[in-house]
Amino acid sequence: MTSPSTTKTNPPVIALIAAAGQGRRLGAEVPKSYVDLHGRTLLERSLRTMANSGLVDEVIVLVSPDMEEEAGGIIKRVDADIPVRLVHGGGERADSIWAGLQAIPDEDAVVLIHDAARALTPAAMVERVARHVLAGATAVIPVVPVTDTIKEVAGNTVIGTPDRARLRAVQTPQGFRLAALRRANLDYWRQQPDFTATDDASLMEWHGQRVETVPGDIRAFKITTPTDLTLAHALAQEQHD
């Protein structure tokens, strides 16, 4: 494993890995984060990516209580050079993320929120996101261009075709100033708006925060279906990873 940089970041960079979900669409016998991908679970791969980025000071893995022992074994196998903690997640992803945010004592921290299902995310992409927040941004997301034509549909009728040149697919990790993300969460739950935050960045948009982008990577796709897992196996084998 590559040793993290000896230069300490200030503020600290804390990565949250969401691994409490079941991932039923994958159709596996175990929760998705614990599915094997070419010899390593999705969670192990995501944890190694954060540890190898050189900028992450600590990782918090958000797990369901019944998978705590399995997750602990994965952490021991990785043997990261940075602290790794387990925090119990909730029934919904948002509940898990909030539990992770509450577990960070340093209000000045930079937080990277990552889905374990994006198991082939390169460490260089993690570094891009983290550096952009450390340079002063409040919220940063990695994005890739949309290659398909996108249609807006109501029922079975097309009602619009957005300009593809302005569209981007969003990946993780998404990076934030912890204090700003906490405020956005608290105001969202307090006000209960008629709006569903589909990711942490959309919550920040709703809160009036500027969200900036950095280049993503096609390897950081989310493993959701059996077809996705087949593609991920092929990529991992091709990269001898």
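Atom set for the values below is all heavy atoms of this structure, side chains included, hydrogens, waters and symmetry mates excluded. Computed from a predicted structure; not experimentally measured.
Proximity of I17 to M50: side-chain heavy atoms (C-beta onward) are separated by under 4.5 Å at one or more points. Residues L16 and P173 form no side-chain contact, since every pair of their non-hydrogen atoms from C-beta on lies 4.5 Å or further apart. By the 4.5 Å heavy-atom criterion applied to side chains, T41 and V35 are not counted as neighbours. Between K222 and D228, the closest side-chain pair of non-hydrogen atoms is not below 4.5 Å. Looking at R40 and R48, their side chains come closer than 4.5 Å, going by heavy atoms from C-beta outward. Taking the side chain as every heavy atom from C-beta outward, L112 and Q174 never approach each other to under 4.5 Å. Inter-residue side-chain proximity for D217 and V144 is flagged as unmet; no heavy-atom pair is nearer than 4.5 Å. Two residues are said to be in side-chain contact when any heavy atoms from C-beta on lie closer than 4.5 Å; L37 and H233 meet this criterion.
A salt bridge links D200 to R93: one of the charged nitrogens lies within less than 4.0 Å of a carboxylate oxygen. For E205 and R210, the salt-bridge test fails: no basic side-chain N is under 4.0 Å from an acidic carboxylate O. Comment: R190 engages D187 in a salt bridge, judged by a side-chain N to carboxylate O separation of less than 4.0 angstrom. Ionic pairing of D108 and R177 is not present here: no N-O contact between side-chain nitrogen and carboxylate oxygen is shorter than 4.0 angstrom.
When the side chains of ILVMFWY residues are joined at heavy-atom separations under 4.5 Å, either directly or via intervening members, F221 and I113 end up in two distinct hydrophobic clusters. Residues V140 and L181 fall into different hydrophobic clusters, defined by Ile, Leu, Val, Met, Phe, Trp and Tyr side chains chained together at heavy-atom separations under 4.5 Å. Both V78 and V13 are assigned to one and the same hydrophobic cluster, defined by single-linkage of ILVMFWY side chains at heavy-atom distances under 4.5 Å. Hydrophobic cluster membership is shared by L203 and V170, with clusters built from Ile, Leu, Val, Met, Phe, Trp and Tyr side chains linked at under 4.5 angstrom. Neither I223 nor M125 shares a network with the other; the hydrophobic side chains, linked directly or stepwise wherever heavy atoms of I, L, V, M, F, W or Y lie under 4.5 Å apart, form separate groups for each.
Heavy-atom minimum distance, R85 versus A103: NH2-O, 2.9 Å. Nearest approach of P12 to D57, heavy atoms of both residues: CA-OD2, 3.3 Å. Across all their heavy atoms, I104 and R182 have their closest contact at O-NH2, 2.5 Å. Closest approach of G216 to P142, counting heavy atoms only: CA-CB, 3.9 Å. Here the closest non-hydrogen pair linking R131 and L55 is CG-CD1, 3.4 Å. Heavy atoms only, all atoms of each residue included: S202 and T198 are closest at OG-N, 3.1 Å.
Classification of the W189-W98 ring pair by plane angle, with boundaries at 30° and 60°, yields perpendicular.
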Exercise for the section: Give the C-alpha distance, both sets of side-chain angles, the deciding distance and a yes or no for side chain to side chain contact (heavy atoms under 4.5 Å, CB included) between R118 and S46. Expected result: CA-CA 7 Å; R118 298 184 186 271; S46 293; 5.8 Å; no
Practice task
I would like to know whether Y188 and H207 meet side chain to side chain contact (heavy atoms under 4.5 Å, CB included); could you show each step before the answer?
Solution key: CA-CA 8 Å; Y188 180 77; H207 201 244; over 6 Å; no
Exercise for the section: Assess whether side chain to side chain contact (heavy atoms under 4.5 Å, CB included) is satisfied between L178 and L101, documenting all intermediate values. Expected result: CA-CA 8 Å; L178 174 61; L101 296 179; 3.7 Å; yes
Exercise for the section: Under the side chain to side chain contact (heavy atoms under 4.5 Å, CB included) rule, what do Q191 and W206 come out as? Steps first, then yes or no, please. Expected result: CA-CA 12 Å; Q191 298 178 29; W206 167 82; 3.6 Å; yes
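When the shell of 6.0 Å around CD1 of I218 is examined, it contains 12 or fewer heavy atoms from other residues, nucleotides or ligands. Annotation: E238, atom CD; neighbour count of heavy atoms from other residues, nucleotides and ligands within 6.0 Å does not exceed 12.
Legend: residues meeting side chain to side chain donor-acceptor pair (under 3.5 Å) with N185, ordered by chain and number and at least two apart, are absent.
A distance of 7.0 Å separates CG in L43 from CD1 in I75, rounded to the nearest 0.5 Å. I97 CD1 to E92 CD: the interatomic distance, rounded to the nearest 0.5 Å, is 12.0 Å. Note that the OG atom of S33 and the CG atom of L47 stand 11.5 Å from one another [nearest 0.5 Å]. The CG atom of L42 lies 8.0 Å from the NZ atom of K32; values are rounded to the nearest 0.5 Å. Annotation: the span from D241 atom CG to R219 atom CZ amounts to 10.0 Å, rounded to 0.5 Å. In this structure, the separation between CD on Q237 and NE2 on H38 is 5.0 Å, given to the nearest 0.5 Å.
No donor-acceptor pair under 3.5 Å is formed between the side chain of T225 and the backbone N or O of L26.
Residues in residues 144-158 take part in these side-chain hydrogen bond (donor to acceptor under 3.5 Å, both in side chains) pairs, two or more places apart or across chains: K151-T161.
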